[in-house]
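For reference, the structure discussed in these notes is given below.
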There are 2 protein chains.
Amino acid sequence: MTGYGQFCPMSKAMEVLDERWTLLVVRELLLGSCHFNDLRRGLPKMSPALLSKRLKSLSRAGVVVRTEVDGRSTYSLTPCGQELGEVVDALGRWGIRWLGEVVDADLDPHLLMWDVRRTVPIHEWPVGRTTVEFRLDGVAATASRWWLVVADGHADVCDVDPGHEVTGTVQTSLSTLTRIWRGDVGWATALRDGSVAVSGPVDVRAAIPGWIGQGAKAAVPRPA
Amino acid sequence: MTGYGQFCPMSKAMEVLDERWTLLVVRELLLGSCHFNDLRRGLPKMSPALLSKRLKSLSRAGVVVRTEVDGRSTYSLTPCGQELGEVVDALGRWGIRWLGEVVDADLDPHLLMWDVRRTVPIHEWPVGRTTVEFRLDGVAATASRWWLVVADGHADVCDVDPGHEVTGTVQTSLSTLTRIWRGDVGWATALRDGSVAVSGPVDVRAAIPGWIGQGAKAAVPRPA
DNA sequence: CTGTATCCATGGCGATACTG
DNA sequence: CAGTATCGCCATGGATACAG
């Protein structure tokens, strides 16, 4: 008895979607990941076996299609899967409004920098290569320094020094950068209270908040 | 490890909502059920122990509040819970569009008549008591005859003959009535192809399709 | 790079009965 | 009416290692 025994459309939807991890896989696909290891990077706590299993059931459900492109496995959403964007959106809006507190167990520097990378507003950056260094206080040494490199309309993030000249530096805690990215606190507030510090030439310091993107839900109004 | 270890708002939302049955409980509350046994009626395949457990965790999450009203346990949605209407809506729209086929295991005459009752467009009915009898072909005798009674701005459904004069009768299969209610097929089509038959005075026969309500998602456009 | 194969513990959840 | 109490299965999914 795996179903709900109901003909209600939302019950039928939940039969496809309510298993653990399922909608997070869909979210990753909506955000543009299409290869197995890209998906894994956005879902670091998910075992590969389970990811594989979920991709298979989403295929069976007609949400995902697997194709081979240039010999690489490529997953993408069918029209049916793309329409789950509305569901994912509604969940995100609800989550950001009512589930505001981020506990330590949810913090993850790799995940954060991966999200920062994919929300970089490229056109806000200067032409030519620009590198912003991040220093995360209180994070294990191997994950405390990051370099965000934007060049040729493309953003990359490294956890080893790429050796470029650093245009500016952001220093803060993992928690603060996460909350800024989520939109829980604003740059202005965080700069004022000293929980984040930017360094570099004055024009760079002024520009950095506009260079660092935010999550899609950052602008959602919060309940009073 | 019960959470996802992610700070993404939608992951946080799923931590609260992705367990089996959870969103169906919310759906019932959104539809207006507020007592334990009302909820059970809308969730017949859910064990009472599990319903109790889900209500408790939804309370802990701030989605539901339990109060005593005139000595009766009463569950209702907090503002946070009411906003899940958007999520439930998005899921229902997606479900009706892409999960169209209703299998036999999802058919349930009690559930259907309970849904028909609560979607009755009261103001479409005549003043004074009106009774429509339903005869469901191919359903066990104890659940094949139903009486929908509308009087004083209130609708009731009985599975035993209430003894009133019957204003009109609908005869069809459980599957057809379900698909009509969901909006998968229209009254006109079903009457034309004979899969449903209405009897009674000519004006009643003409009026019945307008008396029987449909699910909230019936009007959602289907993919080509 | 893209997965599979195994293994195991956990606990989710279904079924049923029962109680204030 | 509104839940508890118990029981036991089996499937879920986490961890790890490995393979084409």
Side-chain angles (χ1 to χ4, degrees), chain A residues 1-6 11 14-26 28-29 32-61 64-76 105-106 108 111 114, chain B residues 1-6 11 14-26 28-29 32-61 64-76 105-106 108 111 114:
Chain A
M1 191 77 63
T2 176
Y4 290 114
Q6 304 204 174
S11 324
M14 288 315 276
E15 290 181 5
V16 175
L17 304 172
D18 72 353
E19 274 180 318
R20 198 164 155 71
W21 292 107
T22 301
L23 272 175
L24 304 215
V25 173
V26 172
E28 287 303 305
L29 291 164
S33 293
C34 55
H35 302 300
F36 196 83
N37 284 351
D38 290 345
L39 293 167
R40 290 199 63 186
R41 188 158 181 185
L43 304 162
K45 295 250 171 72
M46 186 181 196
S47 81
L50 194 50
L51 173 56
S52 172
K53 184 176 173 184
R54 287 290 183 273
L55 287 168
K56 282 199 174 66
S57 38
L58 286 170
S59 293
R60 248 179 283 117
V64 161
V65 277
R66 176 182 181 279
T67 52
E68 300 247 343
V69 177
D70 299 334
R72 274 193 89 180
S73 296
T74 303
Y75 296 94
S76 49
D106 295 328
D108 180 332
L111 211 39
W114 177 243
Chain B
M1 190 77 62
T2 174
Y4 289 113
Q6 302 202 175
S11 324
M14 286 316 275
E15 290 182 6
V16 175
L17 303 172
D18 72 354
E19 274 180 317
R20 197 162 154 73
W21 291 107
T22 300
L23 273 175
L24 304 216
V25 173
V26 172
E28 287 302 305
L29 291 163
S33 293
C34 56
H35 301 301
F36 196 83
N37 284 350
D38 291 345
L39 293 167
R40 290 199 62 187
R41 189 157 180 185
L43 304 162
K45 295 252 171 73
M46 186 182 196
S47 82
L50 193 50
L51 173 57
S52 173
K53 185 177 173 185
R54 288 290 183 272
L55 286 168
K56 282 198 173 65
S57 38
L58 286 170
S59 293
R60 249 178 283 117
V64 161
V65 276
R66 176 182 182 277
T67 52
E68 300 247 343
V69 177
D70 300 334
R72 277 193 86 179
S73 296
T74 303
Y75 297 92
S76 49
D106 294 330
D108 179 333
L111 209 40
W114 177 243

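First the proteins, then the strands, lettered A, B, ... as listed; each starts at 1.
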Keeping the roles fixed (side chain from [X], backbone from [Y]), state whether a donor-acceptor pair exists under 3.5 Å.
X: B:Ser52; Y: B:Pro48; result: no
X: B:Tyr4; Y: B:Glu15; result: no
X: B:Arg20; Y: A:Thr2; result: yes
X: A:Thr22; Y: A:Asp18; result: no

Between [N] ([atom2]) and [X] ([atom1]): distance, integer Å:
X: B:Met46; N: D:dG3; atom1: CE; atom2: C1'; answer: 13 Å
X: B:Lys53; N: C:dC13; atom1: NZ; atom2: C1'; answer: 7 Å
X: A:Glu68; N: C:dC1; atom1: CD; atom2: P; answer: 15 Å
X: A:Arg54; N: D:dG14; atom1: CZ; atom2: C1'; answer: 12 Å
X: B:Leu51; N: D:dG3; atom1: CG; atom2: C1'; answer: 9 Å
X: A:Glu19; N: D:dG13; atom1: CD; atom2: P; answer: 5 Å
X: A:Leu24; N: D:dG14; atom1: CG; atom2: P; answer: 11 Å
X: B:Leu43; N: C:dG14; atom1: CG; atom2: C1'; answer: 15 Å

Can you measure from CD (B:Glu28) to CH2 (B:Trp114) and round to the nearest 0.5 angstrom? 8.0 Å
[X] side chain, from C-beta outward: closest of [options]:
X: B:Lys56; options: C:dT2, D:dT4, D:dG14; result: D:dT4
X: B:Ser52; options: D:dA2, D:dT4, C:dG3; result: D:dT4
X: A:Ser73; options: C:dG3, D:dG13, D:dG3; result: C:dG3
X: B:Tyr75; options: C:dT2, D:dC1, D:dG3; result: D:dG3
X: A:Arg20; options: D:dG13, C:dC1, D:dA2; result: D:dG13

For the student: nearest non-hydrogen atoms of B:Leu39 and B:Val25, plus distance: CD2-O, 4.5 Å
OP1 or OP2 of [N] less than 4.0 angstrom from a side-chain nitrogen or oxygen of [X], does that happen here?
X: A:Arg72; N: C:dT2; value: yes
X: B:Trp21; N: C:dG12; value: no
X: B:His35; N: D:dA2; value: yes
X: B:Lys45; N: C:dA15; value: no

Quick check on the helix from C:dC1-D:dG20 to C:dG20-D:dC1: what's the angle between its two end axes, five base pairs per end, to the nearest 10°? 60°
Should the pair A:Arg72 and A:Phe36 be classed as cation-pi, given the thresholds of under 6.0 Å to the six-membered ring centre and 45° from the axis? no
For A:His35 and A:Thr74, run side chain to side chain contact (heavy atoms under 4.5 Å, CB included): C-alpha distance rounded to whole Å, both residues' side-chain angles, the deciding distance at 0.1 Å, then the answer. CA-CA 5 Å; A:His35 302 300; A:Thr74 303; 3.5 Å; yes
Set of side-chain contact (heavy atoms from CB on, under 4.5 Å) partners for B:Ser76, sequence neighbours left out: B:Val65
Apply side chain to side chain contact (heavy atoms under 4.5 Å, CB included) to residues B:Leu50 and B:Lys53 and explain how you reach the verdict. CA-CA 5 Å; B:Leu50 193 50; B:Lys53 185 177 173 185; 4.2 Å; yes
Which part of the nucleic acid, if any, lies within contact of B:Arg40, taking any heavy atom under 4.0 Å across all strands shown: a base, the sugar-phosphate backbone alone, or nothing? nothing
Under-3.5 Å N/O pairs linking protein and nucleotides 17-20 of chain D:
none

Between B:Ala49 and B:Asn37, which residue's closest nucleotide on DNA chain D lies nearer the 5′ terminus? B:Asn37
